[in-house]
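What follows is a short report on a single structure.
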Amino acid sequence: MDTLAVIDFETTGMSPGQGARATEIAVVLLRGGCVVDRYQSLMNTGAWVPPFIEELTGISNAMLEDAPPAVRVMREAAEFVGNTPMVAHNAAFDRRFWDAELSRAGRERRQAFACTLLLARRVYPDAPDHKLATLVRHAGLPMAGRAHRALADAEMAASLWLGIRRVLVERYRLADPDHATLCALQGVPRGELAAWIGRRSGA
DNA sequence: TGCCAGGCCCTCTTTAGGGCCTT
């Protein structure tokens, strides 16, 4: 099983293209099916946190005043991740913030993101919905700390990744699925998962 | 002035519209 970096951002809004900035980052490293290391930090970008976001995440403007500068945090996070393939829940969101904040720190992304949301829609089609916390409960996985804090959400996304992987191995007989395989699998049309795996296994 | 995310994915679809998911 390859080493993976599961990431989660808390932010001031939905899109860096509309001026939203990151407020907190967490990365957990998965190796051999276990969390082997963690990086977590608040980050001060100078951006204002709207009251709704403060209520959602518990991250206040006062907390960010004392946080380390975003450039330093992103450089540390980039060193921590290196070239390790990445995973996130609704990866398009975290990938946009990773790219935007890295760029401000003078760095560039070097690896692909896999998405537990796209995978879960295929592997758990009967879940009540495909929010991270719902999927963790649905799959009988352990909850981790306060939802909408970066480290707890990254831990839950890591747990979900391992749960998805376990279903693929046990139910679909997919041998040792790696990051690249799951990146391909997340684009398979819904309902065609078994057929796709069958063709792949027979190839 | 009015609008402002974006990609996936379903359906009352494909010459479109709207819900889901992330904060």
Side-chain angles (χ1 to χ4, degrees), chain A residues 4-28 40-64 67 70 73-74 77 86-104 109 112-139 141 143-161 163-164 182-196:
Chain A
L4 300 170
V6 186
I7 188 169
D8 187 78
F9 277 106
E10 304 305 319
T11 72
T12 63
M14 300 309 298
S15 172
Q18 295 295 313
R21 298 295 305 272
T23 57
E24 187 179 44
I25 182 174
V27 184
V28 301
Q40 181 270 330
S41 182
L42 292 169
M43 48 199 284
N44 185 356
T45 64
W48 176 72
V49 182
F52 167 70
I53 299 291
E54 208 171 294
E55 177 72 21
L56 179 71
T57 65
I59 298 170
S60 67
N61 287 290
M63 289 164 69
L64 295 181
V73 171
M74 289 306 299
M86 300 184 82
V87 175
H89 193 67
N90 196 9
F93 175 87
D94 291 286
R95 188 180 58 230
R96 281 198 299 273
F97 279 94
W98 178 250
D99 287 351
E101 297 293 353
L102 268 189
S103 173
R104 290 172 179 270
R109 176 163 56 92
F113 271 69
C115 179
T116 52
L117 169 62
L118 295 179
L119 289 166
R121 282 175 173 164
R122 290 158 176 81
V123 171
Y124 302 116
D126 299 328
D129 59 55
H130 294 88
K131 294 180 172 74
L132 178 59
T134 304
L135 287 164
V136 167
R137 275 194 300 273
H138 178 76
L141 303 166
M143 300 294 284
R146 185 196 195 284
H148 295 298
R149 284 303 296 263
L151 185 57
D153 283 1
E155 298 258 13
M156 285 198 290
S159 179
L160 178 59
W161 171 270
I164 288 168
L182 268 62
C183 280
L185 194 151
Q186 71 192 23
V188 173
R190 286 212 237 183
E192 295 182 20
L193 188 58
W196 185 87

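If you're wondering where the values come from, they're calculated on a predicted model, not measured in any experiment.
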Looking only at side-chain atoms of [X], point me to the closest of [options].
X	options	result
Arg121(A)	dA5(B), dT23(B), dC9(B)	dC9(B)
Asp129(A)	dT22(B), dC21(B), dA5(B)	dC21(B)
Gln18(A)	dC9(B), dC4(B), dT23(B)	dC4(B)

Pick base, sugar-phosphate or nothing for [X], based on heavy-atom distances below 4.0 Å to the nucleic acid.
X	answer
Thr23(A)	nothing
Arg149(A)	nothing
Glu10(A)	sugar-phosphate
Leu117(A)	sugar-phosphate
Phe97(A)	nothing
Asp94(A)	nothing
Arg190(A)	sugar-phosphate

Taking only side-chain N and O atoms of His89(A), does any of them lie within less than 4.0 angstrom of OP1 or OP2 on dC21(B)? no
With [atom1] as the reference atom in both, quote the distance from [N] to [M] in angstrom, rounded to an integer.
N	M	atom1	value
dC3(B)	dG18(B)	P	15 Å
dC12(B)	dG19(B)	P	14 Å
dG6(B)	dG2(B)	P	22 Å
dT1(B)	dC20(B)	P	34 Å
dG17(B)	dC4(B)	P	14 Å

Atom pair distance, as rounded to whole Å: [atom1] in [X] and [atom2] in [N]:
X	N	atom1	atom2	value
Leu160(A)	dC21(B)	CG	C1'	13 Å
Phe93(A)	dC20(B)	CZ	P	18 Å
Lys131(A)	dC20(B)	NZ	P	7 Å
Phe113(A)	dG7(B)	CZ	P	15 Å
Asp99(A)	dG7(B)	CG	P	12 Å
Leu118(A)	dT22(B)	CG	P	12 Å
His130(A)	dC8(B)	NE2	C1'	12 Å
Met43(A)	dT23(B)	CE	P	15 Å

For the pair Phe97(A) and Phe9(A), name the ring-plane relationship: parallel under 30°, tilted 30 to 60°, perpendicular over 60°. tilted
Residue pair Ala133(A)/Ala92(A) against DNA chain B: nearer the 5' end by closest nucleotide is Ala92(A)
When Gly17(A) and Val188(A) are each assigned the nearest nucleotide of DNA chain B, the 5'-most assignment goes to Gly17(A)
Using only atom types and a distance under 3.5 Å, with no angle test, would you say the side chain of Thr23(A) pairs donor to acceptor with the backbone of Glu10(A)? yes
Is the side chain of Asp153(A) donor-acceptor paired with the backbone N or O of His148(A) at a distance under 3.5 Å, no angle test? yes
Between His89(A) and Thr116(A), is a side chain to side chain donor-acceptor pair (under 3.5 Å) present by the stated rule, with each step listed? CA-CA 5 Å; His89(A) 193 67; Thr116(A) 52; 2.7 Å; yes
Report the distance from atom CG of Leu151(A) to atom CD of Glu24(A), rounding to the nearest 0.5 Å. 8.0 Å
Go through Glu101(A) and Arg21(A) one step at a time and tell me if the salt bridge (Lys or Arg N to Asp or Glu O under 4.0 Å) criterion holds. CA-CA 8 Å; Glu101(A) 297 293 353; Arg21(A) 298 295 305 272; 2.9 Å; yes
